[in-house]
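Note on naming: letters A, B, ... go to the chains in the order of the sequence lines (proteins, then strands), and numbering restarts at 1 for each one.
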2 protein chains.
Amino acid sequence: MKTIFSNKQLGHRDHHELYNGELVPGFETHARSEFILSSLKRADLGQVLEPETHDLETARQIHVPDYLEFLSKAWDMWERDGRSGTALPYAWPSRGLRGRVRPTSLDGLLGYYSFDASTGFVRGTWEAVKASHDTVLTGADIVSAGNPAAFALCRPPGHHAGPDFAGGYCFINNAAVAAQRLRNSGADRVTVLDIDYHHGNGTQEIFYERDDVQVVNLHADPSYEYPFYIGAAEEKGAGPGLGFTVNYPMPAGTEWSAWSQALEHALGEVRSFSPERLVVSLGVDTFEGDPISRFKLRKEHFRQTGALIAQMGLPTLFVMEGGYAVEAVGENVLAVLQGFESA
Amino acid sequence: MKTIFSNKQLGHRDHHELYNGELVPGFETHARSEFILSSLKRADLGQVLEPETHDLETARQIHVPDYLEFLSKAWDMWERDGRSGTALPYAWPSRGLRGRVRPTSLDGLLGYYSFDASTGFVRGTWEAVKASHDTVLTGADIVSAGNPAAFALCRPPGHHAGPDFAGGYCFINNAAVAAQRLRNSGADRVTVLDIDYHHGNGTQEIFYERDDVQVVNLHADPSYEYPFYIGAAEEKGAGPGLGFTVNYPMPAGTEWSAWSQALEHALGEVRSFSPERLVVSLGVDTFEGDPISRFKLRKEHFRQTGALIAQMGLPTLFVMEGGYAVEAVGENVLAVLQGFESA
């Protein structure tokens, strides 16, 4: 399987996030991709390609253009103010009348275009975000060209980013960009299967009223876990999209037996939709050793996960999302991809 | 003029807030009330009374009961988790589908019931919030008893707190509690005049659909200033409340000439409503020396402000809100109250 990755994606680094009432070094480190890359190379999984450079045309089909423009400028605005550290918002248009005014000041815009204090900008952020986006588009095109699978080693990740908001370490929704690209390349129906520990709220939001992209999520129940306010089983899509959003929220402590049952049920839903292409939002923070998560999957389960997905027989693009047990991330990602290839 | 204050209000202290991408000591310090108290005492403005203890019945008429319950428990939940520092949220139900799930975990609840990362809990927070609430109720009752005016030296402040959200250093909306209490005591119409530098979004939200409480706000334009997403001139109330919300957003750098014109226009709106009681949300962060604000009022303007308000001839409760140039806060507050008394 070919992997796509650019060193430019490493430039988003040394940022901080608000966690447990403190500002701490971001959990979503550049070291994550380095561990994954070295595991793939050690196992000789396949070629690692540089992405081709793409314009933002596809991204503009799923993100609000104003939002993309802000992402590209946020750090420059912060630095021009003479500020340093991490550009973080501190107030959000959270409730009631909020959201009527679209502010023009930087602090207002930072909050307007986000929903948490985990997703800050540093000098290299936009270049990394853009490169991560190029990586996923290149991966989508490899799959469209007839390859059975590819791995877009995206970082920063994407699945929490919605039409016009960043959050959960995500800026551009790479998996959603890929799904849109596959649609544009002629696939009538595309499924995004999100197996990250956290609910892929951004992807759900982007496609919530569409019937051409099915979004299936396995994740920690939002009543106790980030992103907290979305991802209930009752959320099933709206308008023409009704029935094309499927959610499997699960309790803390979920082990392979329950998780794999949910996966098999989810794959049944995918089969009913009969997509022509599959995008897998691949998070390995379901791992028992993950520092910020509470599921109990082990390495052998990641291999089995890859094998179960392969049984769908669909051209598949794997898109990297979360996973924060840094050293284990590489081995667990490799296990999914090898499980897929060997099935 | 009588002042009401309790030392319990000082227990909310040593908290931190997210500001400029860093965690910094909260601008809303307990020292603020100490400077105000000592200015009032030096000038011999009048008696300083301890508040009577009140139950939360009036507060429950303007806040969602679940929210008040959470405020009283947040720090205990945080401490029970073995956490220290300041209990701050890090993710909010900001956009789109968000807000469907009401989470049960502490981090989820902290975000659900707030809109910023400035308003944290420490051990003494709830006792201080409750005492600030007792202070305003005692002040309202003093005015209802026939006194021409009283000063509720509230702290923490209140005007950013809405029906079910904290923010902007505010937890219980003291001014809104007072307005409700004055209504309950027989006043048919009450006006809240908010002259704090920041828009009193919480007060606006609480009374937005009511015709018995007029809410008039003079403030920095939300397009550049906190709370950013609310407070436009176009916001005028809704349903039965249409026309009873009045907003005067003003540009950065506003000086007395423009500010006093807005105040005179605002007082005309109050006259048209002909309230029986007046609540003034008194912030002195319009001061030219305020560290987080951008208006240019000077001490003599605060005196003139008090005099203009006195010309309304209404029984008036002053309720302390913002003002962060700590040493000057006392003198500026005193100037408003003396201006009122000498008019």
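Judged purely by distance below 3.5 Å, without hydrogens or angles, the side chains of His63(A) and Asn173(A) never pair a donor atom with an acceptor atom.
Interface remark: Phe121(A) contributes no atoms to any contact with chain B (heavy atom separation under 4.5 Å). Only the backbone of Pro89(B) comes within less than 4.5 Å of a heavy atom of chain A; no side-chain atom from C-beta onward does. For Asp164(A), the parts sitting under 4.5 Å from any heavy atom of chain B are the backbone and the side chain alike. Contact of Thr86(A) with chain B is made through the backbone alone, with heavy-atom distances under 4.5 Å.
Of the residues Glu28(A), His160(A), Glu17(A), His15(A), the one that meets the side chain to side chain donor-acceptor pair (under 3.5 Å) test with Tyr169(A) is Glu17(A). Screening Asn247(B), Val192(B), Asp194(B), Val246(B) for a side-chain contact (heavy atoms from CB on, under 4.5 Å) with Gln204(B), the sole residue that qualifies is Asn247(B).
When atom types are taken as modelled, the side chain of Glu269(A) and the backbone of Val216(A) share no donor-acceptor pair closer than 3.5 angstrom.
Per-residue counts of heavy-atom pairs under 4.5 Å with chain B were compared for Ser118(A), Ser105(A), Gly168(A); the largest is that of Ser105(A). Interface check for chain B: of the options Gly108(A), Ser114(A), Gly85(A), the most heavy-atom pairs under 4.5 Å are formed by Gly108(A). Per-residue counts of heavy-atom pairs under 4.5 Å with chain A were compared for Gly111(B), Pro222(B), Ala91(B), Ala117(B); the largest is that of Ala91(B).
In this structure, Arg123(B) places its CZ atom where only 12 or fewer heavy-atom neighbours from other residues, nucleotides or ligands lie under 6.0 Å away.
Checked against the 6.0 Å centroid threshold, Tyr226(B) and His199(B) do not count as a close aromatic pair.
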